[in-house]
Amino acid sequence: MPAFMMLPLITMTNVFAKDSWQQTYENGIWNIKSTKFKCALSQKIEGVAEVAIVRTPEYKTRLILDLQFPEIKISSATVKIKPADWKNISNMSINQPIYNGYVNELSVIYDDLGREVLDAIAAGDWLDFEVNPDNNSKEIVFTNTRGFSAVTAFRNCLSDMAPISWESARDNDFFFEKGKKNISSARDIKKLQDLVRYIKLDGHINKVLVDGYSDSVGNSIANRQLSQQRADDVASRLIEFGLKPAQLEVRAHGSRYPVVNNNDKDQGLNRRVSVRLIRKDNGVVKQ
């Protein structure tokens with residue numbers, strides 16, 4: 001009888017020594033935050049940690065784990081896909097490490113999150129983090145309820161998200177070959193399309209400044225005309241892609257305001273059209 005009584009005591013001691021936490025089944029819900037500039041899935045174990053899957057324009061999808069108790073400092077961490085305990089796991093690879101993240105004291109970030117993690121959540125699997133595996137390891141397991149609908153909403157958010165950020169949209173230059181007056185490269189056309197889509201999604205752009213420039217080769221009147229033609233071409237493209245003409249202000253400067261010396265071999269940098277966006281709220285983009 002005494003030996004029988006010792007078994008549960010030993011088991012409980014081992015559990016507490018491991019320092020492991022698992023989300024309750026009822027709280028294993030992935031919450032979606034969806035805007036035109038940020039898509040995020042998140043889940044929190046109160047008082048322990050929060051995990052988020054985040055994507056913003058021009059950044060790859062990141063997995064972020066934040067600890068909520070400062071007495072534990074992260075030195076390293078791994079994350080594994082863990083099949084839900086209700087699944088038949090006889091033919092599945094269990095707890096395979098998939099990512100090592102970079103850390104600061106209380107958080108770890110996994111960049112360029114693989115599709116397999118989102119696919120696993122959609123399939124109902126869990127995320128199993130091991131913090132400081134080589135020194136007093138802590139295990140944190142996030143369970144999963146209605147993962148398929150959460151991942152579907154996340155991917156729908158990605159398809160609707162702005163193609164570029166405010167930092168990339170606010171100021172752009174388009175360059176021209178000597179004597180040329182029209183935008184022609186597929187890259188530049190795509191950039192103009194992305195700018196118009198950004199402007200529509202932002203909703204706070206009240207002015208788009210289009211300024212044409214030339215180098216100093218030739219006479220000043222011809223250069224002024226050429227810079228006007230370049231600016232007009234870019235403006236017409238913006239309108240073609242859906243920008244309202246009333247938002248445009250088009251100006252031509254000829255060879256004035258060079259960015260490099262016109263005698264320099266890089267004088268092609270002066271043959272340009274700049275497109276600048278002016279926001280109503282001094283450039284603050286709410287995510």
Side-chain angles (χ1 to χ4, degrees), residues 35-38 55-60 111-112 160-287:
T35 74
K36 300 302 182 183
F37 300 97
K38 184 178 182 180
R55 179 75 175 266
T56 53
E58 300 175 337
Y59 285 90
K60 295 178 179 179
D111 271 335
D112 194 9
D160 294 334
M161 190 169 62
I164 54 178
S165 65
W166 164 247
E167 289 74 19
S168 292
R170 66 191 303 174
D171 198 348
N172 282 274
D173 288 320
F174 298 86
F175 299 99
F176 294 76
E177 294 296 324
K178 186 177 295 186
K180 300 295 184 182
K181 60 184 180 182
N182 300 114
I183 287 286
S184 58
S185 78
R187 180 180 178 181
D188 284 345
I189 291 171
K190 175 65 165 54
K191 186 186 291 187
L192 290 171
Q193 290 173 325
D194 287 347
L195 279 173
V196 172
R197 177 161 167 74
Y198 176 89
I199 292 166
K200 290 181 176 180
L201 292 175
D202 184 292
H204 291 83
I205 305 299
N206 59 354
K207 186 67 67 176
V208 179
L209 304 180
V210 178
D211 290 279
Y213 304 88
S214 72
D215 58 30
S216 62
V217 177
N219 66 67
S220 59
I221 295 177
N223 284 333
R224 177 68 179 272
Q225 291 174 338
L226 184 56
S227 67
Q228 182 71 60
Q229 291 169 328
R230 288 170 174 166
D232 288 341
D233 182 64
V234 170
S236 67
R237 290 282 191 173
L238 292 170
I239 294 170
E240 175 189 345
F241 298 142
L243 186 67
K244 296 177 181 178
Q247 290 180 277
L248 279 167
E249 182 176 330
V250 182
R251 302 177 295 193
H253 304 281
S255 59
R256 294 184 297 169
Y257 314 120
V259 294
V260 297
N261 191 311
N262 274 300
N263 295 321
D264 193 274
K265 63 179 182 179
D266 295 323
Q267 66 172 266
L269 296 175
N270 294 331
R271 300 189 295 267
R272 70 197 190 279
V273 170
S274 68
V275 178
R276 290 182 294 155
L277 310 186
I278 308 300
R279 300 188 89 248
K280 299 174 184 177
D281 51 5
N282 296 320
V284 178
V285 180
K286 295 183 179 179
Q287 295 186 342

**Student:** For Trp166 and Leu277, run side chain to side chain contact (heavy atoms under 4.5 Å, CB included): C-alpha distance rounded to whole Å, both residues' side-chain angles, the deciding distance at 0.1 Å, then the answer.
**Tutor:** CA-CA 9 Å; Trp166 164 247; Leu277 310 186; 4.0 Å; yes
**Student:** On the ring face of Tyr213, is Arg272 found with NZ or CZ under 6.0 Å from the centre and within 45° of the axis?
**Tutor:** yes
**Student:** Donor-acceptor check, side chain of Glu249 to backbone of Lys207, threshold 3.5 angstrom: yes or no?
**Tutor:** no
**Student:** Under 4.5 Å between any side-chain heavy atoms of Gln193 and Lys190, yes or no?
**Tutor:**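 Yes; the side chains approach each other to less than 4.5 Å.
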**Student:** If I compare all heavy atoms of Lys200 with all of Gly242, which pair ends up nearest, and what's the gap?
**Tutor:**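 Taking Lys200 first and Gly242 second, the nearest heavy atoms are CE-O, 3.4 Å.
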**Student:** If you compare all heavy atoms of Asp173 against all heavy atoms of Ser274, which two are closest, and at what distance to 0.1 Å?
**Tutor:** OD1-CB, 3.1 Å
**Student:** Look up atom CD1 in Ile199 and atom CG in Leu243, then write down how far apart they are to the nearest 0.5 Å.
**Tutor:**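 Result: 5.0 Å between the selected atoms.
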**Student:** Does NE2 in His204 sit with more than 12 non-hydrogen atoms of other residues, nucleotides or ligands closer than 6.0 Å?
**Tutor:** no
**Student:** Can you give me the closest heavy-atom contact between Gln228 and Ala252, atom names plus distance?
**Tutor:**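 Shortest heavy-atom contact: OE1-CB, 3.2 Å.
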**Student:** Determine whether a donor-acceptor pair (N or O, by modelled atom type, separation under 3.5 Å) exists between the side chain of Asp171 and the backbone of Arg276.
**Tutor:** no
**Student:** Are the side chains of Leu192 and Phe174 in touch, meaning some heavy atoms are under 4.5 Å apart?
**Tutor:**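 Yes, close enough: below the 4.5 Å cut-off.
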**Student:** Does Asp215 use its side chain to pair, donor to acceptor, with the backbone of Gly268 at less than 3.5 Å?
**Tutor:** no
**Student:** Check for a donor-acceptor pair, side chain of Asn270 on one end and backbone N or O of Val260 on the other, with a separation under 3.5 Å.
**Tutor:**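 It does hold such a pair.
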**Student:** What pairs with Lys180 under side-chain contact (heavy atoms from CB on, under 4.5 Å), at least two apart in sequence or on another chain?
**Tutor:**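 Partners of Lys180 under the side-chain contact (heavy atoms from CB on, under 4.5 Å) test: Glu177.
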**Student:** Just how far is it from atom CZ of Arg197 to atom NZ of Lys36, taken to the nearest 0.5 Å?
**Tutor:** 7.0 Å
**Student:** Return yes if some donor-acceptor pair links the side-chain N/O of Thr35 with the main-chain N/O of Lys38 below 3.5 Å, else return no.
**Tutor:** yes
**Student:** If only atom types and distance count, is the side chain of Asp233 paired as donor or acceptor with the main-chain N or O of Ile183 below 3.5 Å?
**Tutor:**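 Flag set: sc Asp233 to bb Ile183 pair under 3.5 Å.
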**Student:** Flag yes if more than 12 heavy atoms outside Lys244 fall under 6.0 Å of its NZ atom; otherwise flag no.
**Tutor:**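 Atom NZ in Lys244 is not crowded, with 12 or fewer foreign heavy atoms closer than 6.0 Å.
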**Student:** I would like to know whether Leu201 and Asp160 meet side chain to side chain contact (heavy atoms under 4.5 Å, CB included); could you show each step before the answer?
**Tutor:** CA-CA 9 Å; Leu201 292 175; Asp160 294 334; over 6 Å; no
**Student:** Starting at OG of Ser227, measure out to CG of Asp232 and round the result to the nearest 0.5 Å.
**Tutor:** 9.5 Å
**Student:** Tell me whether Arg251 is salt-bridged to Asp211, with the criterion being a basic N under 4.0 Å from an acidic carboxylate O.
**Tutor:** yes
**Student:** Is the backbone N or O of Ser184 less than 3.5 Å from a side-chain atom of Asp188, with the two atoms forming a donor-acceptor pair by type?
**Tutor:**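 Looks like no, no N/O pair under 3.5 Å.
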**Student:** To the nearest 0.5 Å, what is the distance between CD (Gln225) and CG (Asn219)?
**Tutor:** 8.0 Å
**Student:** Is any side-chain heavy atom of Leu226 less than 4.5 Å from a side-chain heavy atom of Lys181?
**Tutor:** yes
**Student:** Assess the pair Tyr198 and Phe37: is the distance between their ring centroids shorter than 6.0 Å?
**Tutor:**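 Yes, the ring of Tyr198 comes within the 6.0 Å limit of the ring of Phe37, centre to centre.
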**Student:** When you compare the side chain of Leu238 with that of Gln247, does any pair of heavy atoms fall below 4.5 Å?
**Tutor:** no
**Student:** Nearest 0.5 angstrom please: Leu195 CG to Asp202 CG, how far?
**Tutor:** 11.5 Å
**Student:** Can you confirm whether Ser214 sits close enough to Arg230 that some side-chain heavy atom of one is under 4.5 Å from a side-chain heavy atom of the other?
**Tutor:** yes
**Student:** Given side chains that start at C-beta, do those of Val196 and Arg237 come closer than 4.5 Å, heavy atoms only?
**Tutor:**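 Side chain of Val196 against side chain of Arg237, heavy atoms only: no contact under 4.5 Å found.
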**Student:** Measuring from Ile164:CD1 to Thr56:OG1, what's the distance to the nearest 0.5 Å?
**Tutor:** 13.0 Å
